[in-house]
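Worksheet for the structure shown next.
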Amino acid sequence: MGVRPPQQGDDDAPETVAFGIAALDDHLERSDVTFPTTDEELIEALGDPAVPYDAMGNEIRLSEALEELSRIQFETRQEFLNAVHPVFEARRERANSSFFGQLRSLLPF
């Protein structure tokens, strides 16, 4: 997923902030990961990046996300992204349902 950051000035092209599987896919784009692959090979190839799971910048290490899965082998890139997506969604829901998450959603900034 991605969201536009707040506008600050007269930039011609708005940038987006990638999070969740979009951010993870960016890491995959910059690596030489080939599929099928295992969770250990992913960590080795990507270097265990911290992946933002929401627009606020909250992050989870890839190794932590993979620990929450019951799978260790992924046949395709899409299969991998589909498998890890619920982990990001669960984290995002927990962050939004916390007291500070609810308070933040009420504020205009």
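Applying the side-chain contact (heavy atoms from CB on, under 4.5 Å) test to Pro86 and every residue at least two apart in sequence or in another chain returns nothing. Judged as a side-chain contact (heavy atoms from CB on, under 4.5 Å), and not counting sequence neighbours, Glu44 has no contacts. Looking at residues two or more places apart in sequence or on another chain, you find no salt bridge (charged side-chain N to carboxylate O under 4.0 Å, His left out) involving Glu40. Checked against ring-ring contact (aromatic ring centres under 6.0 Å, His included), Phe80 has the following partners two or more places apart in sequence or in another chain: Phe74. Applying the side chain to side chain donor-acceptor pair (under 3.5 Å) criterion to Gln78, with sequence neighbours excluded, gives Asn82.
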Worksheet item: Could you walk me through whether Met56 and Phe19 pass the side chain to side chain contact (heavy atoms under 4.5 Å, CB included) check?
Response: CA-CA 9 Å; Met56 304 308 273; Phe19 58 91; over 6 Å; no
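Taking all atoms of both residues into account, the shortest heavy-atom contact from Ala45 to Asp32 is CB-OD1, 4.5 Å. Among all heavy-atom pairs drawn from Phe88 and Val51, the shortest one is CZ-CG1, 3.8 Å. In terms of heavy-atom proximity, Ala50 sits nearest to Glu59 at CB-OE1, 3.5 Å.
Note that the CD1 atom of Ile43 and the CZ atom of Arg61 stand 9.5 Å from one another [nearest 0.5 Å]. Atom OG1 in Thr76 sits 7.0 Å away from atom CZ in Phe35 (nearest 0.5 Å). For the atom pair CG (Asp39) and CD1 (Ile72), the distance works out to 6.0 Å, reported to the nearest 0.5 Å. Arg94 CZ to Asn58 CG: the interatomic distance, rounded to the nearest 0.5 Å, is 11.5 Å.
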Cut-off 3.5 Å, no hydrogens considered: what does the side-chain donor-acceptor table look like for residues 21-29, sequence neighbours left out?
from  : atom 1 : to    : atom 2 : distance (Å)
Asp25 : OD1    : Arg77 : NE     : 2.9
Asp25 : OD1    : Arg77 : NH2    : 2.6
His27 : ND1    : Arg30 : NH2    : 3.3
Glu29 : OE2    : Arg77 : NH2    : 3.0

Listing, residues 62-70 side-chain donor-acceptor contacts under 3.5 Å, not counting sequence neighbours, or none:
from  : atom 1 : to    : atom 2 : distance (Å)
Ser63 : OG     : Asp48 : OD1    : 3.1
Ser63 : OG     : Asp48 : OD2    : 3.0
Glu68 : OE2    : Arg91 : NH2    : 2.9

